[in-house]
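Just below is one structure, and these are the notes that go with it.
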Number of protein chains: 2
Amino acid sequence: MERRTEYCGLLTEASVGQTVVANGWVNKRRDLGGLIFIHLRDREGIVQVVFNTEFSEEAFRIAETIRGEYVLQVKGKVVLREANQINPNIGTGTIEIEAESVEILAKAKTPPFYIEGDLNVSDELRMKYRYIDLRRDKMMNNMKIRHQTTRTVRNYLDDLNFMDIETPYLTKSTPEGARDYIVPSRVHQGEFYALPQSPQLFKQMLMGAGFDRYYQIVRCFRDEDLRGDRQPEFTQVDIETSFLSAEEIQKITENMLQKVMKDVLGKDIPAPFPRISYDEAMNRFGSDKPDTRFALELIDMNEFAKTSSFNVFKATSENGGQVRGLNVKGKADAYSRKDMDNLIEYAKQYGAKGMAWMKVEEDGLKGAVAKFFTEDSEELIRLMDAEPGDLLVFVADKKEIVYQALGELRLKFGRDLDLIDKSQFAFVWVVDWPLLEYDADAKRYTAMHHPFTRPNDEDLAKLADHPEDVYAQAYDIVLNGYEIGGGSLRIYTREVQEQMFAALGFSKEDAEEEFGFLLDAFDYGFPPHGGIALGLDRLVMLLAGESNIREVIAFPKNGKAFDPMTNAPSEVSAAQLKELSLRIASLD
Amino acid sequence: MERRTEYCGLLTEASVGQTVVANGWVNKRRDLGGLIFIHLRDREGIVQVVFNTEFSEEAFRIAETIRGEYVLQVKGKVVLREANQINPNIGTGTIEIEAESVEILAKAKTPPFYIEGDLNVSDELRMKYRYIDLRRDKMMNNMKIRHQTTRTVRNYLDDLNFMDIETPYLTKSTPEGARDYIVPSRVHQGEFYALPQSPQLFKQMLMGAGFDRYYQIVRCFRDEDLRGDRQPEFTQVDIETSFLSAEEIQKITENMLQKVMKDVLGKDIPAPFPRISYDEAMNRFGSDKPDTRFALELIDMNEFAKTSSFNVFKATSENGGQVRGLNVKGKADAYSRKDMDNLIEYAKQYGAKGMAWMKVEEDGLKGAVAKFFTEDSEELIRLMDAEPGDLLVFVADKKEIVYQALGELRLKFGRDLDLIDKSQFAFVWVVDWPLLEYDADAKRYTAMHHPFTRPNDEDLAKLADHPEDVYAQAYDIVLNGYEIGGGSLRIYTREVQEQMFAALGFSKEDAEEEFGFLLDAFDYGFPPHGGIALGLDRLVMLLAGESNIREVIAFPKNGKAFDPMTNAPSEVSAAQLKELSLRIASLD
């Protein structure tokens, strides 16, 4: 085998007249009798190879036997194509190789689906034959985007004196957070490691050790039910620093993302990114991860509702609920009564009991509920900034439901009405988060980020008695409506950490049992520290213009956490289980 | 809190006259009455801070309360020290900071062991307080060496168009190789994922997909009993390429290692590295991972033995065994009879039934067995290149035992007699490996590397009937007697892979069941490919001059696969087990 002189896709007119060696797969083959054309494909693109008895009788005879996806080595002279033969669809379309020799390195059966173009096959089939699916230009490119992203991130952080330090994958199972994947220990029978949901405590320990600036691009694991942007294992750009303020950490992060956008997509994104408080994000967008590529903001109708002649509004207000609306400008005509019924159903999926709507016409409000607004219809029109042609929708409910239903309706209008400029990359920091949220099922408070998030100093006194009023030094970075990362300053004293565990309902004993080593560590000189973790899969998904992280993971699991290529998970031998002292209960 | 202007350890005379802000830990404190000196430590080193009521009354009062390992922020002017105050033991020894203000960021209890100097505490205690252990200069430096190593590796491979592609950690359990760590599936009850022992098959799939050049710095897992250079999880620099020869892959690897040596240690290592065949390595060094920093090679005495008057030699030869010796030049006097008895015991640990030895004196051979060499003593002296003062040792046994016992004796002599130049880094390629080795316990052949290693084309015909005579396109890279990496060209056709599985004793059904997806993949156009995997922990251990990989892993497990810091593994809740349909047999 000779040595390749250049990737197929990188050959240029500079090689014209030279003899080259190319390796690749047969993407397409056309046999015109005495002339055979082959599109030879490698990871960088496609080049055309021409076979003809004039160039080589032997090569031509071999080319007659060649089929799609054969792996070839071709040697020949690069020539310019005739003007009328130029192919603008491939990068090398002005040249071709005249084959002087060809070697079939491997034969191939007909693949289960085409390599080219948009696929119309099931995800299951694509995953079973992932090595074929990944040959497609789009998947190849997604993997390149991922590589360039991590490369930029690493270089940026290396240059800022961050140290890449590996933390263990066989760790301790702890409560709080999602469900752990656990790993039985053979040496310690009946005991288990847990795969980390994040290296949170280890990176904090590294700060305690004085590493000052740490990063790691690290796999994390959550045994949760899957959806579009969730996988059993996912990758995090994990960052932690000592002695920095939240703003300094945010600046490092946004400069890193600016560099990623520039290196990967050639886009200049202005910084600093906009900052919006959690409360403002909820009030304006009904979401803690607002898609700021379009307006259509929520309108606060709470004052109005207090005295509204529409009893639903008034009663909601009196019962401590909220009333907010959306003004879908100029789109009244775009929605039929049936469409509106569908929207009501949509709102109900998010917990709303209903959704009031009206259309604004020249002579006032129209729609089923319009008649209830008597004296206050003018005021409503003023507050909603409404004009003829506008569609107004309202949700009156508990605060959380109003946010969620209107937030989702806003996104739906955005998509359905094409309000979103897809070429835009809208980064926004959501800051000033509540420390805790009340979990009605568990009847206790849980951490909005995690139990190691530092409360605002001025709120500390409230932690015991009014935990709901405590805000945290936490920040999320949001891109186009996706949370792509979250971080915070961390607690670094035993005293505050113990208060936090108490607020979460831990007994002193449980806290000691689960997190004693952290509390102990705080006794030995722990620096103020904080950091952030970015979801690499989601970030790359957005950079690649995909809507599912599976498209940017080389070997993902399907919706049932199963890999159709290798058939994992699978049964293991009785001997393996015996060594671990494990029995499968359903088989007992 | 103000912003640090520079790391403590990086302050230089260039800052003299400037006011700086430094953060760090109190490494040492001396109170001389009206003058307090503090050595402030961060990851880059130590700087001295001077407190004095003249500089600041308030800072001095605070300094009076400060103890070891407190975390401080200090602000003050950098001044030159008096000539007689210069401290050559710290990098900043010619300067100090006159403290104008100090803030105690965190207090600290007395740590369980000293941060400075060589430690004389148990590994267990060091691991329990790993965040303190890592504060030591040596550990800090080991982590820096590790970071610089991976940084160099990544930059080198990135620049050569290698793509960093992540492969799954939740994979399929397969036979062959070491014991898997397994992970119970909640969705597929009674089934398990396995943590990968290496991403071998996934990286081969990436070659099938056409990625051409892949790398990953990736965690691997083996549930084996531990020793000095083994951990339950370890890190691999994993590389795979298509269309390259073994020599081309070796060249890429050795240039990478050259760059690592230069970047990390400033050492120029000549390339190409020496190459030695497996057979030659065994014959000369009794090891497939020879430490070539010193000679003391094995001497082949098989011809001699055939006709030796020493019956042990002759009988061994007649029974198909081997006889080899070592000439420990000029060291006869260094070993007493008791020392020799100890060496015999040492040889027995490696399976030898015994070890013959003689000393060479002016008037001939001395020692218990000398008398058996009658006519052939001169010949023995000639073959052993012996002179008066030499110590000769021999092992006569089965081939494997001769190699192992003499190989280990050679290393022991090397260490005990200080024959090894510790400043040297001796890289060597061991090439031309046998494909298989016979496993007497399992009564079948097993793969010397792994079942995907490509046999030499010319040996293929022998695979069915004379598998022991088949050599492989495999290569190990050895540094100072440690195997730091191994690789090979891989099988890339169904036909050869099926032959290989058959040679390993797989039925066609089992091969299909376990590796069907690989065999299928070969049907769809698989390129010739090969690669290598380097053990990062071992490489960094050698770069750092350590003898245990625990010293270069931030959070290692102890000899019982246990983490004394977090207490992993540990029991999990009954609810967790129930969700997984698992029962612990010993509790049934």
Side-chain angles (χ1 to χ4, degrees), chain A residues 23 25 43 69 71 106 108-109 111 131 134-135 147 151 158 163-165 168-173 181-183 185-188 190-193 205 208-212 219 223 232-233 243 517 521 523-528 554-555 560-561 565-566 568-572 581 583-586, chain B residues 23 25 43 69 71 105-106 108-109 111 131 134-135 147 151 158 163-165 168-173 181-183 185-188 190-193 205 208-212 219 223 232-233 243 517 521 523-527 554-555 560-561 565-566 568-572 581 583-586:
Chain A
N23 298 321
W25 283 253
R43 76 174 210 197
E69 296 309 308
V71 184
K109 296 202 300 193
Y131 45 93
L134 288 169
R135 289 179 190 173
H147 173 55
R151 187 177 181 180
D158 286 344
M163 284 173 66
D164 179 4
I165 303 178
Y169 283 129
L170 295 172
T171 67
K172 185 182 158 83
S173 182
Y181 279 104
I182 60 175
V183 183
S185 163
R186 179 178 55 87
V187 181
H188 306 272
E191 301 190 353
F192 295 80
Y193 305 97
M205 289 296 143
F211 284 99
D212 199 72
R219 208 71 56 82
D223 186 9
E233 46 183 312
F243 306 115
F517 70 98
D523 286 340
Y524 293 105
F526 226 88
F555 300 101
K560 288 184 173 158
M565 184 177 82
T566 62
S570 58
E571 287 177 12
V572 297
S581 269
R583 292 165 69 164
I584 295 163
S586 55
Chain B
N23 298 321
W25 282 254
R43 75 175 211 199
E69 297 309 308
V71 184
L105 301 176
K109 296 203 299 193
Y131 46 92
L134 288 169
R135 288 179 190 173
H147 172 56
R151 187 176 181 182
D158 286 345
M163 282 173 66
D164 179 5
I165 303 176
Y169 283 128
L170 295 172
T171 66
K172 185 181 158 84
S173 184
Y181 278 104
I182 60 174
V183 183
S185 164
R186 179 179 55 86
V187 181
H188 306 272
E191 301 190 353
F192 295 80
Y193 305 98
M205 290 295 145
F211 284 98
D212 198 70
R219 208 71 56 83
D223 186 8
E233 45 183 310
F243 305 115
F517 70 98
D523 287 339
Y524 293 106
F526 225 88
F555 300 102
K560 290 185 170 159
M565 185 177 80
T566 63
S570 59
E571 288 178 11
V572 299
S581 271
R583 293 166 69 163
I584 295 164
S586 55

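The chains referred to below are lettered A, B, ... by the order of the sequence lines, with proteins before strands, and numbering in each begins at 1. Nothing here was measured: the structure is a model prediction, and the numbers come from that model.
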With chain A, which of [options] has the greatest number of heavy-atom pairs at distances under 4.5 Å?
options                                : answer
B/Ile165, B/Thr171, B/Asp223           : B/Asp223
B/Ala521, B/Ala554, B/Gly190           : B/Ala521
B/Ala108, B/Ser173, B/Gly525, B/Pro232 : B/Gly525

Partner chain B: residue of A/Ala209, A/Ala568, A/Pro527 with the largest heavy-atom pair count (under 4.5 Å):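 Top count of heavy-atom pairs under 4.5 Å with chain B: A/Ala209.
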
Interface residue of largest heavy-atom contact number with chain B, from A/Lys172, A/Arg186, A/His188, under 4.5 Å: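 When all of A/Lys172, A/Arg186, A/His188 are compared, A/Arg186 has the most.
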
Where on [X] is there a heavy atom nearer than 4.5 Å to chain A: the side chain, the backbone, both, or neither?
X        : value
B/Phe526 : backbone
B/Val183 : both
B/Ser185 : side chain
B/Leu105 : both

Locate the shortest heavy-atom distance separating A/Phe517 from B/Tyr131; write the atom from each residue and the value.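 Taking A/Phe517 first and B/Tyr131 second, the nearest heavy atoms are O-OH, 4.2 Å.
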
Pairing of A/Arg151 and B/Asp158 as salt bridge, 4.0 angstrom limit: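 Looking at A/Arg151 and B/Asp158, the cut-off is met.
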
Could you tell me whether B/Arg43 and A/Asp212 have a side-chain N and a carboxylate O separated by less than 4.0 Å?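 Salt bridge absent between B/Arg43 and A/Asp212.
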
Would you call the rings of A/Trp25 and B/Phe243 parallel, tilted or perpendicular, where under 30° means parallel and over 60° means perpendicular?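 The rings of A/Trp25 and B/Phe243 stand perpendicular, inter-plane angle above 60°.
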
Heavy-atom cut-off 4.5 Å, strictly under: side chain, backbone, both or neither for A/Pro528 against chain B?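 The side chain, not the backbone.
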
Please name all residues satisfying salt bridge (charged side-chain N to carboxylate O under 4.0 Å, His left out) with B/Arg135, sequence neighbours left out, ordered by chain then number.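 Listed in chain order: B/Glu69.
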
B/Glu233: which residues meet the side chain to side chain contact (heavy atoms under 4.5 Å, CB included) condition with it, sequence neighbours left out?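 Listed in chain order: A/Pro168, A/Tyr169, A/Leu170, B/Arg219, B/Phe221, B/Lys557.
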
